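The structure is given below, and queries will be raised subsequently.
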Amino acid sequence: MGEIMMYQTEENKINLFKKLHTMLSRPEFAPTAIVCYNDQLAIQVMNFVKEIGLNIPDDLSVIGVDDYQFSKFINPALTTVRHPQEKMGIDAGITLGCSIFHARIPCTQHPANARFISQRGRR
């Protein structure tokens, strides 16, 4: 079973990259993939991984979430997960409004319809 490393936005990124370097420096326990909570962080991780001499995707796969508009221009192209941001924002606003005004609303019963965007082979 692999190790899970958590990172929160308010944490210092220098500490994140120190931890990541430690993890990637242990060949017998190094991860084969890293999933980041957004594409911008995934791009930073990709740059760091290249700086320490590893090759993406041969040594490590990196996946982001958001389908950030510039992700397709990264080399190698970033694999990402697209999710319906506008719909999720509307649903969150409705839920918040109903909570503020003490209205009872049904929970959203439909899936988020996230879509995996594989960039393998795209340059």
Side-chain angles (χ1 to χ4, degrees):
M1 183 74 142
E3 185 175 338
I4 295 176
M5 181 175 68
M6 301 294 289
Y7 169 74
Q8 295 182 3
T9 304
E10 64 272 1
E11 290 181 53
N12 184 331
K13 278 200 180 133
I14 293 171
N15 292 336
L16 166 70
F17 292 115
K18 283 180 182 176
K19 289 180 195 176
L20 188 56
H21 188 268
T22 300
M23 288 178 74
L24 294 172
S25 298
R26 304 175 308 180
E28 67 277 4
F29 299 111
T32 58
I34 296 175
V35 179
C36 299
Y37 64 81
N38 68 28
D39 288 354
Q40 289 94 337
L41 181 59
I43 291 166
Q44 291 177 329
V45 167
M46 289 173 69
N47 289 334
F48 175 76
V49 166
K50 289 182 215 175
E51 285 177 15
I52 64 170
L54 296 176
N55 183 290
I56 298 169
D58 297 334
D59 299 320
L60 183 72
S61 298
V62 178
I63 300 170
V65 175
D66 283 341
D67 196 21
Y68 181 55
Q69 61 186 356
F70 295 111
S71 297
K72 59 183 145 251
F73 301 112
I74 304 303
N75 189 10
L78 176 64
T79 295
T80 186
V81 177
R82 178 184 299 152
H83 55 84
Q85 295 169 333
E86 185 174 340
K87 171 128 183 49
M88 291 170 64
I90 290 169
D91 288 347
I94 290 169
T95 301
L96 181 60
C98 290
S99 294
I100 290 170
F101 298 108
H102 306 292
R104 300 197 94 197
I105 61 164
C107 293
T108 303
Q109 297 295 319
H110 50 81
N113 296 320
R115 188 170 144 216
F116 184 73
I117 313 293
S118 175
Q119 302 294 351
R120 187 173 299 273
R122 277 187 67 188
R123 295 276 184 238

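Nothing here was measured: the structure is a model prediction, and the numbers come from that model. Basis for what follows: all heavy atoms, side chains included, without hydrogens, waters or symmetry-related copies.
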Checklist entry - So which of D59, I56, N55 actually passes side chain to side chain contact (heavy atoms under 4.5 Å, CB included) with V49? => result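 It is I56; the other options fail the test.
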Checklist entry - Quick one: NZ on K13 to CZ on F48, what's the gap to the nearest 0.5 Å? => result 13.5 Å
Item to check | Note, L78 side chain near V62 side chain (heavy atom, < 4.5 Å) | outcome: yes
Item to check | Rounded distance (nearest 0.5 Å) linking atom CD of Q44 with atom CG of L16 | outcome: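 So the gap between those two atoms works out to 8.5 Å.
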Checklist outcome for this item: Nearest heavy-atom contact between A42 and C36 is CA-SG, 3.6 Å
Checklist entry - How long is the span from the CD1 atom in I52 to the NE2 atom in H21, to the nearest 0.5 Å? => result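 It comes to 5.0 Å.
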Checklist entry - Looking at side-chain heavy atoms only, is the closest gap between T79 and S61 below 4.5 Å? => result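 T79 vs S61: side chains apart.
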Item to check | Minimum heavy-atom distance I43-Y68, with the two atoms named | outcome: CD1-CD2, 4.1 Å
Item to check | Side-chain heavy-atom pair F29, M23 within 4.5 angstrom cut-off | outcome: no
Item to check | Separation between CE of M46 and CG of D39, rounded to the nearest 0.5 Å | outcome: 10.0 Å
Next on the checklist: Ring-plane angle category for F73 and F70, please: parallel below 30°, perpendicular beyond 60°, tilted otherwise.
Outcome noted: tilted
Checklist entry - Minimum heavy-atom separation for A33 to L60, with atom names? => result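 Residues A33 and L60, closest heavy atoms: N-CD1, 3.6 Å.
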Next on the checklist: Give me the atom names and distance for the closest heavy-atom approach of K50 to N75.
Outcome noted: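 Taking every non-hydrogen atom into account, NZ-O, 2.5 Å.
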Checklist entry - Side chains of T80 and D67: do they bring a donor and an acceptor to under 3.5 Å? => result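 Short answer, no.
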Item to check | Minimum side-chain heavy-atom gap Y37-D66 below 4.5 Å | outcome: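 No, too far: nothing below the 4.5 Å cut-off.
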Checklist entry - Roughly how far, to the nearest 0.5 Å, is CG of N12 from CG of N15? => result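 Here the interatomic distance stands at 4.5 Å.
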